[in-house]
Amino acid sequence: MDNDSKDVISIILLIFLPLILFFTSFLLGRYPISPIDVINTILCPIFPQLEVSPTITTIVFEIRLPRILAAIVVGAALAMAGAAFQSIFKNPIVSPDLLGVSNGAGFGAALAILISGAGVVTQMFAFAFGIISVSVTYLISRAYKAGGILILVLSGVAISAFFSALISTIKFIADPDDKLPEIVYWLMGSLASITIDQLIMIIIPIIVGTIILLTLRWHMNLLAMGDEEAQSLGLNPTRLRLLIIAGCTLLTSAAVSVSGIIGWMGLIIPHMARMIVGPDNKILIPASLSFGASFLLLIDNISRAIISIEIPIGILTAIIGVPIFLYLLKRGYSEWA
Amino acid sequence: MGITNNFYEVKNISFSYDGNEIFSDISFSIEKGDVLCILGPNGTGKTTLIKCLNGLHEIDSGEILIKGKNIKKLSFKEISRNIGYIPQNHTPSFPFKVIDVVLMGRAPYLNLIDSPRKKDMEIALNSLKTLGIDNLKDKEYTNLSGGEMQLVFLARILCQQPDILILDEPTSHLDFGNQIKLLEIIDNLAESGLSIIMSSHFPDHAFLSSNKVAIMKDGCFIDFGSPNEVITEENLKKAYSIDVKLIELENKRKVCVPLKTNFELSL
């Protein structure tokens with residue numbers, strides 16, 4: 001009975017936390033907008049009889065909405081991918097860029113900025129190279145007969161380092177007056193200038209990735225018990241892991257392609273979620289989705305409202321994320337000591 | 001394909017790894033309700049054999065037939081509906097609740113996109129009750145004692161509703177008392193119609209709960225049959241290279257006592 005009521009509270013929290021943050025986020029920013037204006041503006045396309053000033057409409061739909069949606073999508077995607085990776089690699093200190101997706105995407109973006117400079121090209125290159133680097137990592141690991149998780153993780157480390165070197169090369173040859181700052185700024189991660197069009201471009205990978213992780217989430221528990229046990233329970237562990245890696249890579253590449261590299265989210269959010277709802281992925285994956293969306297939105301709100309200069313959000317997530325991570329460690333996360 | 005009456009049959013199987021032969025030409029069969037205990041010294045290939053018997057490793061030659069069907073032709077899912085397996089060692093992962101671990105035993109009956117339903121939950125609770133550990137249901141499995149954890153894994157494979165249990169040294173992490181309790185549970189499960197194949201380091205365990213014994217040495221079975229036929233002073237000497245005395249207790253139960261070898265270190 002106690003457990004049931006605790007579950008109900010968790011579910012309510014998981015659903016309402018992002019919703020409440022979603023609405024309050026519209027109130028924050030340099031131009032003050034009242035809650036009633038926000039509600040009217042959002043409902044206006046459905047009920048045209050509501051009167052809203054065009055300035056407020058522009059601010060709500062063209063400035064604040066894209067940024068709020070971006071925080072939700074990027075936060076949810078990174079957190080879900082992180083939770084899934086931690087389960088399937090049996091390791092709670094794994095983050096979604098384990099197999100090289102971030103550095104691959106970073107290289108794609110840097111290359112695009114160097115040769116083109118158009119935002120659409122940068123986004124597409126980042127997305128494509130994120131997927132390419134994970135594919136290369138995966139194929140290398142398959143080339144070794146022994147296979148297994150360890151080889152996969154090690155080739156991820158190698159490919160990550162390789163793309164990191166390529167990023168440095170591009171920085172080295174980029175024009176220090178315009179291209180270099182742009183590359184550096186992209187790599188720091190930012191939600192400030194995201195447009196609705198950019199978000200529309202990632203809808204499909206985000207939805208496909210989310211559906212993959214949500215439908216396979218219970219079976220992730222079995223992978224967490226090790227490949228032999230998973231197989232003795234009737235699964236093909238290699239195939240299931242590949243599917244989950246594909247889903248995570250779609251999510252992470254899509255997220256990074258619009259936001260740049262945002263660290264720590266994919267590591268700490270699954271931890272926080274696991275402390276609240278437990279390690280069962282059936283609940284953990286949706287919980288990570290909800291917490292990830294809420295947490296990144298919260299951090300972005302802090303950066304918009306409290307700090308007057310615009311700090312790239314990738315820096316903030318690390319500055320806020322590291323102490324939280326250390327606090328979680330201190331709370332006696334003894335299970336993986 | 002001819003119909004065989006054998007429940008589980010192994011015909012002339014061999015396995016090698018990286019060019020090294022681990023075992024060769026092993027044959028045996030077991031029936032419903034049999035308990036087969038595989039004895040043998042360290043490093044003789046018992047664990048590898050066990051992993052071949054449940055399809056985790058693919059054998060190089062020979063055949064394994066589950067109710068007349070070749071294991072090579074069965075999917076992992078089909079094998080897992082017939083065979084439940086407990087490995088010798090489990091590396092603990094996240095602190096799942098006991099009930100969640102036991103529920104994993106329902107995976108052979110679920111599609112990849114499904115998760116367990118109410119019916120599966122009932123089966124899981126039942127297997128906990130069968131083993132008398134339903135009080136552990138909401139505990140974290142990572143915090144259990146070795147004996148409790150072994151029972152949780154046993155509950156998980158009961159939840160799989162297989163016909164055959166394959167247990168790799170199920171008593172190896174258990175204390176003196178829990179070893180006997182586990183063997184008695186195995187006895188009970190066999191009486192209820194399950195067939196059990198297990199490996200062990202203790203010839204005594206074979207007397208306690210098995211009706212068939214194999215002694216494995218250097219990748220071969222050197223003897224196979226009933227405990228009384230197979231566990232002899234001579235066979236144990238061959239297997240373990242020490243002298244063993246067999247003693248019969250009043251209730252006709254036999255025990256094995258290893259004799260001292262008077263081995264001395266040349267210090």
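We name chains A, B, ... by the order of the sequence lines, and we start the count at 1 in each one. Heavy-atom basis, side chains included; hydrogens, waters and symmetry copies ignored.
The part of A:N91 that comes within reach of chain B is its backbone (N, CA, C, O), which places non-hydrogen atoms under 4.5 angstrom from that chain. Within the 4.5 angstrom heavy-atom criterion, no atom of A:I212 approaches chain B. For a residue to count as touching a neighbouring chain, one of its non-hydrogen atoms must lie under 4.5 Å from one of that chain's; by this rule B:N54 does not touch chain A. Proximity to chain A is absent for every atom of B:Y109, based on heavy atoms less than 4.5 angstrom apart. For A:L214, no part sits under 4.5 Å from any heavy atom of chain B, backbone or side chain.
In this structure, B:K97 contributes its side chain and A:G278 its backbone to no donor-acceptor pair below 3.5 Å. When atom types are taken as modelled, the side chain of B:Q160 and the backbone of A:S232 share a donor-acceptor pair closer than 3.5 angstrom.
Between chain A and the residues B:Y85, B:F153, B:F96, the largest count of heavy-atom pairs under 4.5 Å involves B:F96. Comparing B:K51, B:K77, B:R81, B:H90 by how many heavy-atom pairs each has under 4.5 Å with chain A, the most go to B:H90.
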Test side chain to side chain contact (heavy atoms under 4.5 Å, CB included) applied to A:W218 and B:L110, step by step: CA-CA 10 Å; A:W218 182 76; B:L110 296 171; 3.6 Å; yes

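Inter-residue side-chain proximity for B:L56 and A:Q231 is flagged as met; some heavy-atom pair is nearer than 4.5 Å. Under the 4.5 Å side-chain criterion, counting only non-hydrogen atoms from C-beta, B:L112 is not in contact with A:T215. The shortest distance between side-chain heavy atoms of A:E229 and B:M104 does not fall below 4.5 Å.
Counted within 6.0 Å of NZ on B:K72, heavy atoms from surrounding residues, nucleotides or ligands total more than 12; the atom is thus considered enclosed. At most 12 heavy atoms of other shown residues, nucleotides or ligands fall within 6.0 angstrom of atom CD1 in A:I204. The environment of CD in B:E191 is crowded: more than 12 heavy-atom neighbours from other residues, nucleotides or ligands sit within 6.0 Å.
The two atoms that bring B:S93 and A:M225 nearest to each other are OG-SD, 3.9 Å, heavy atoms only. Taking both residues in full, the closest heavy atoms of B:F94 and A:P279 are given as CB-CB, 3.6 Å, listed atom of the first, atom of the second, then distance.
How far CG of A:L233 is from CZ of B:R106: 11.5 Å, rounded to the nearest 0.5 Å. B:S80 OG to A:L235 CG: the interatomic distance, rounded to the nearest 0.5 Å, is 8.0 Å.
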